[in-house]
Amino acid sequence: MTPDIFTTLIAQSLNLNLEAVRNTLALLAEGCTIPFISRYRKERTGALDEVQIAAISDENERLQDIAKRKETVVKTITEQGKMTPELQQRIADCWDATELEDIYLPYKPRRRTRAQVAREQGLEPLALVLLQQHTRDPEQAALPFVVGDVGDVETALKGAQDIIAEMVSEDERSRQQLRGSYRRTAIITSKVVKAKADSDEAAKYSDYFDWQEPLRRCSSHRLLAMRRGESEGILRLSIDPVSDEECIDRLKRHYVYGNTPCGRLVGEAVEDGYKRLLKPSIETEFNNLSKEKADEEAIRVFAENLRQLLLGAPLGQKRVMGIDPGFRTGCKVVCLDAQGNLLHHEAIFPHPPVNKRMQATVHLQQMLRDYQVEAIAIGNGTASRETKAFVEDAKEASVPVFVVSEDGASVYSASKVARDEFPDEDVTVRGAVSIGRRLMDPLAELVKIDPKSIGVGQYQHDVDQTKLKHQLDQTVEFCVNQVGVNLNTASQHLLQYVSGLGPALAKNIVDYRRENGAFTSRSQLKKVPRLGPAAFEQCAGFLRIPNAKNPLDNSAVHPERYAVVEQIAHDSGCAVSDLVGTGKEASELRARVNINRYVTDEVGLPTLTDIMQELEKPGRDPREQLEEFEFDNRVQTIDDLDEGMILPGIVTNITNFGAFVDIGVHQDGLVHISQIANRRIAHPTDVLRLHQHVEVKVLEVDRRRNRISLTMKL
């Protein structure tokens, strides 16, 4: 298939400029990454963003898959000797996967069906005679076919009806007609399996014990919840049109030409074909389509939550104490330097049952002094509130305390990445280190953990795992490259997400750094083994070197455009360093630059505008500033909650139907979308973001099911 066909189809499908799509596909074919294309090839793409470029890439892959499927279809039909010029053209013009399968269905090799048996018995001509409905006596027409395995007229007519039933079920017109009915009227119904109705595991699905609604209105989270209940054997689901009789009547209008003996036989075959073949096929199709749609929405929400989490506010390079709180096993305390290296660890026991509070206080204060701790990070799991209260009493007033999400910390601590980093430490120490590092730089630490374990998705184990991994890996890659990476401090795991690198080159960079010391310029990357010109082009702009001799090495200005900045500096009568920064003199110098003078065929206004913005704040971090937070001391557990209480909280997860908020009782409460604002909103993200500090009021507490309903309408 020619690329121009793909270009045209993609441009039409995504409503994008044809030339922008053509150039984007060419860049992708050259091996350019999406972050690189969106940041450094704006002139060629018409300044398409990462989302649009990713959509082009995905649509291109979809079309390639259809093209490969077409080859199989053409080959199979040709081998059967049934290919015609008209059929060949229909297949060539088709770019819809469902339509292609409809075209292929009559020719598709299949298991031995009732219709296939009847064909082998020579009954297909009789089926065609009945379909034409020209004979007044079908039994007389069937007599010549009573031979061999066909013992009587009734058997012959039944076999012919089986063939007609299959023909009806495979007819494109029939399938499209029933699809239309399903699209307009399909109802999804959920019933509880009676044997499981009173079980403890069934309680969480009680809303769906007797539930039905139009399929087109069924939200992603409800569909996935019902499907999970079905997979656990608690619910039984079905998808049906509003009226089977109406669907059958519509089909009969195409095949039955009157109330004749032949017409009645054909009508019976149509009804059999509908119930036995066509309806189950279309129901399965809509089951799969609705699941795909629900998956896409769930994955989209998960990816957006992950993006917000990865771009969470960093504390920065400060000396941090990380505490993994606990009661019986104590609190594991680690002290980290400003680069996140482990300096010291020990366990303290300020809580019952050990209750060595005085000793724990002395040890904590000693560590704060010895390691000049500038901030304290406490995990938000068991004993978090109690540990924070203890630390606030024991520490010096000037050291800020932050509560950090522990989601995924245990997964990290037992992972190969953690074992490689701390081969001589146990999982509790590794977990505490992860908590401390998350405060310093959430992005750098969270990339080490499988995104599914971070706790910001719903039904992540129920959706298509291949699509989920693709989307989440892409989200991590986008975030890493949006922020940029310190070439001299980044871990191997963080570096592998940088545009153009990957695990092998990331390891080579770390090894080179270990053997040769810190990088002093981006050009040194060319000395890294196996990092060739193509990889350098893709990665260099996203790697930062603070305090480099050339200030552009700590910016998002790509080395391929250093000459442009040098020319601007030369024309301005100053050094490159004089153009960089927020100072008054640098601002005045930049204000006098007419960037239109530097436009060329290769460098356009979008790139020049980006360069000038980078000169203003080289290496700027797009993430927000970190804020301290305090839970309400009146509540420690769900039993302390009363309806009407107004409490501070932190948004921990956002879904289509609302947001979950941590109010400090070890069980997040739900703010339904209808309770988020005093106006109608399309999605919770219109108002909220992950880790946002909010005030909520307790609406209802269901202690039996451990559920808390909250409102932001105060």
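In this text, all values refer to a predicted model and were calculated from it rather than measured experimentally. The residues of the chain are indexed from 1 along the displayed sequence.
- The closest side-chain heavy-atom distance from T655 to P684 is not below 4.5 Å.
- In this structure, a donor-acceptor pair under 3.5 Å is present between the side chains of T155 and D152.
- Looking at heavy atoms from C-beta onward, E120 lies in side-chain contact with R112 at the 4.5 angstrom threshold.
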- Message: Assess the residue pair R705 and S206 against the criterion (side chain to side chain donor-acceptor pair (under 3.5 Å)); give the C-alpha distance rounded to whole Å, side-chain angles, the decisive distance to 0.1 Å, and a yes or no.
- Response: CA-CA 11 Å; R705 294 198 291 177; S206 58; 3.2 Å; yes

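- Between D295 and K467 there is no salt bridge, since none of the side-chain N atoms of the basic residue sits less than 4.0 Å from a carboxylate O of the acidic one.
- With sequence neighbours excluded, the residues forming a side chain to side chain contact (heavy atoms under 4.5 Å, CB included) with N653 are N305, V456, Q458, F660, listed by chain and number.
- Using a cut-off of 4.0 Å between Lys/Arg side-chain N and Asp/Glu carboxylate O, E86 and R90 are scored as not salt-bridged.
- A salt bridge links E285 with R179: the distance from a Lys NZ or Arg NE/NH1/NH2 to an Asp or Glu carboxylate oxygen falls below 4.0 Å.
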- Task: Test E101 against R69 for salt bridge (charged side-chain N to carboxylate O under 4.0 Å, His left out), laying out the working first.
- Result: CA-CA 9 Å; E101 293 306 318; R69 181 61 174 163; 2.8 Å; yes

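- With no hydrogens or angles considered, a side-chain donor-acceptor pair links Q667 and N706 at under 3.5 Å.
- S174 and Y255 are linked by a side-chain donor-acceptor pair at a separation below 3.5 angstrom, with hydrogens and angles left out of the test.
- With no hydrogens or angles considered, no side-chain donor-acceptor pair links Q176 and E172 at under 3.5 Å.
- Using modelled atom types and a 3.5 Å distance limit, the side chains of K452 and Q465 yield a donor-acceptor pair.
- A heavy-atom distance below 4.5 Å is found between the side chains of I676 and I681.
- If you check the side chains of S169 and R175, you find no donor sitting under 3.5 Å from an acceptor.
- Side-chain contact between I34 and L28: present, with at least one pair of heavy atoms (C-beta onward) separated by less than 4.5 Å.
- Under 4.0 Å is where a charged nitrogen must lie from a carboxylate oxygen, and between D464 and K291 no such pair does.
- With hydrogens and angles left out, the side-chain atoms of Y497 and N481 include no donor and acceptor closer than 3.5 Å.
- Counted by atom type alone, Y182 and E283 present zero donor-acceptor pairs between their side chains at under 3.5 Å.
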- Stepwise side-chain contact (heavy atoms from CB on, under 4.5 Å) test for Y104 and I91: CA-CA 9 Å; Y104 182 40; I91 295 170; over 6 Å; no

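- Using a 4.0 Å cut-off between charged side-chain N and carboxylate O, E59 and R62 make a salt bridge.
- At least one side-chain heavy atom of E50 sits under 4.5 Å from a side-chain heavy atom of P35.
- In this structure, the ring of W95 has its center less than 6.0 angstrom from the ring center of F6.
- Inter-residue side-chain proximity for L16 and V21 is flagged as met; some heavy-atom pair is nearer than 4.5 Å.
- Checked for salt-bridge contact, K68 and E71 miss the test: no charged N lies under 4.0 Å from a carboxylate O.
- Side-chain atoms of E166 and T113 form a donor-acceptor pair, as typed in the model, at a separation below 3.5 Å.
- No salt bridge links R227 with D462; every basic N to acidic carboxylate O contact stays at or beyond 4.0 Å.
- For the residue pair Q89 / D93, a side-chain donor-acceptor distance below 3.5 Å is found, with atom types taken as modelled.
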- Test side-chain contact (heavy atoms from CB on, under 4.5 Å) applied to L143 and E139, step by step: CA-CA 6 Å; L143 275 174; E139 292 184 355; over 6 Å; no

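- In summary, the side chains of D240 and S238 do present a donor paired with an acceptor at a separation below 3.5 Å, with no hydrogens or angles considered.
- A salt bridge is absent between R707 and D702: the closest approach of a Lys/Arg side-chain nitrogen to an acidic carboxylate oxygen does not fall below 4.0 angstrom.
- Note on E232 versus K196: no salt bridge recorded, every NZ/NE/NH1/NH2 to OD/OE distance being 4.0 Å or above.
- Looking at T652 and D668, their side chains do bring a donor and an acceptor atom within 3.5 Å of each other.
- Between R41 and E30, no side-chain nitrogen of the basic residue sits less than 4.0 Å from a carboxylate oxygen of the acidic one, so the salt-bridge criterion is not met.
- E297 and S220 are not linked by any side-chain donor-acceptor pair at a separation below 3.5 angstrom, with hydrogens and angles left out of the test.
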